[in-house]
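Data block below; observations after.
Bear in mind the structure is a predicted one, so any value in this text is a computation, not a measurement. Only this structure's heavy atoms are used, side chains among them; waters, hydrogens and symmetry mates stay out.
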Amino acid sequence: MANQRLDKLDKQILRLIADDARIPFLEVARACNVSGAAIHQRIQKLTNIGILKGSQFIIDPEKIGYETCAYIGLNLRNPEHFDEVVEKLKGIPEVVECHYTTGDFDMFIKIYAVNNHHLLNIIHDKLQPLGLARSETIISFNSAIDRQLPIMDIPISDDDEE
């Protein structure tokens, strides 16, 4: 997808809603010194072109009993089965991310497990049957940084100035 050109107002809106997805459009409009309708139209435009992908509540996995976070590098026995493996990974609720990667692994996944025993069961019972040549698991002790990409260095259109 081509890089989208954003103007100063788009960037200001993105900063405000990235800080608080529940901020009312009228409050955004006041902060941007434009009408509520203008904000609504801009939000719709940003959604339609795929920059905004909705809003969501973020559940803290640890607070609901998932104490183990792990990243697992996967090498497939038959890399031509990527799409099939991804579809099967979608059926494993503990898998929360899957990335195609370069380097030592065909893909890299992030999973949450209740504890290390549960992690072992996921690897043995759910991942190994997918046709893995090998895997490597890295357990995360704690997330030091967990944030969205900051809205500050996005290119703006030539008509606007920062």
Side-chain angles (χ1 to χ4, degrees), residues 1-64 66-76 79-113 127 130 135-162:
M1 181 170 141
N3 194 13
Q4 299 293 327
R5 302 297 279 173
L6 301 175
D7 64 19
K8 190 174 180 180
L9 179 58
D10 290 331
K11 288 175 64 175
Q12 191 174 8
I13 292 168
L14 288 173
R15 280 189 200 103
L16 289 165
I17 64 175
D19 287 341
D20 179 6
R22 297 178 72 179
I23 188 171
F25 283 1
L26 283 178
E27 197 173 320
V28 175
R30 280 188 214 108
C32 296
N33 202 27
V34 296
S35 71
I39 296 300
H40 183 74
Q41 289 173 344
R42 290 292 183 117
I43 296 284
Q44 192 61 50
K45 176 194 87 169
L46 293 168
T47 301
N48 289 343
I49 62 177
I51 291 174
L52 289 177
K53 297 185 180 227
S55 60
Q56 61 185 340
F57 288 100
I58 299 170
I59 298 168
D60 183 335
E62 193 172 355
K63 299 249 192 274
I64 61 169
Y66 287 79
E67 296 182 1
T68 301
C69 174
Y71 295 88
I72 304 176
L74 306 175
N75 279 333
L76 305 180
E80 65 270 10
H81 294 146
F82 263 52
D83 294 338
E84 296 162 34
V85 171
V86 169
E87 284 307 309
K88 290 177 183 174
L89 287 170
K90 287 178 183 178
I92 302 172
E94 296 90 350
V95 176
V96 297
E97 290 182 28
C98 177
H99 302 267
Y100 295 118
T101 60
T102 61
D104 290 338
F105 303 108
D106 295 323
M107 53 181 72
F108 209 71
I109 63 173
K110 178 180 180 181
I111 69 172
Y112 285 103
L127 297 180
L130 299 179
S135 66
E136 184 174 326
T137 303
I138 301 166
I139 294 178
S140 169
F141 291 128
N142 191 22
S143 174
I145 299 172
D146 185 7
R147 63 179 175 208
Q148 287 195 66
L149 184 65
I151 310 300
M152 50 192 224
D153 294 320
I154 298 173
I156 59 175
S157 64
D158 298 332
D159 310 348
D160 262 349
E161 55 203 41
E162 189 66 34

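Ring orientation note: the planes of F25 and H40 are tilted relative to one another, at an angle of 30° to 60°.
The backbone N or O of F105 sits nowhere less than 3.5 Å from a side-chain atom of E136 that would complete a donor-acceptor pair. No side-chain donor-acceptor contact under 3.5 Å links D106 to the backbone of P79. Here the side chain of D10 pairs no donor or acceptor atom with the backbone of R42 at under 3.5 angstrom.
Considering all non-hydrogen atoms of both residues, G91 and P93 come closest at O-CD, 3.3 Å. When all heavy atoms of L76 and H81 are compared, the pair lying nearest together is CD1-C, 4.5 Å. Annotation for L16 and C32: closest pair CD1-SG, 3.8 Å, computed over non-hydrogen atoms. Across every non-hydrogen atom of Q148 and A18, the tightest pair is NE2-O, 4.0 Å. Closest approach of S55 and A21 over heavy atoms only: CB-CB, 4.2 Å. Annotation for M107 and V86: closest pair CE-CG2, 4.0 Å, computed over non-hydrogen atoms.
Separating the OH atom in Y112 from the CD1 atom in I59 is a distance of 11.5 Å, to the nearest 0.5 Å. Taking CG of L130 as the start and CD1 of I92 as the end, the distance is 5.0 Å to the nearest 0.5 Å. Taken to the nearest 0.5 Å, the CG atom of L46 stands 7.0 Å off from the CD1 atom of I17. For the atom pair CG of L127 and OG1 of T137, the computed distance is 8.0 Å after rounding to the nearest 0.5 Å. One finds the CZ atom of F82 at 9.5 Å from the CG atom of L74 (value rounded to the nearest 0.5 Å). Atoms OH and NZ, on Y71 and K110 in that order, are 3.5 Å from each other to the nearest 0.5 Å.
For CG of D20, the number of neighbouring non-hydrogen atoms (other residues, nucleotides, ligands) closer than 6.0 Å is greater than 12. More than 12 heavy-atom neighbours from other residues, nucleotides or ligands sit within 6.0 angstrom of OH on Y100.
With a 4.5 Å cut-off on side-chain heavy atoms, I72 and V95 do not count as touching. At a threshold of 4.5 Å between non-hydrogen side-chain atoms, the residues L52 and L14 count as touching.
By the 4.0 Å N-to-carboxylate-O rule, E27 lies too far from R30 to be salt-bridged with it.
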*Can you check side chain to side chain contact (heavy atoms under 4.5 Å, CB included) on D104 and N75, steps first, answer last?*
CA-CA 8 Å; D104 290 338; N75 279 333; 5.6 Å; no

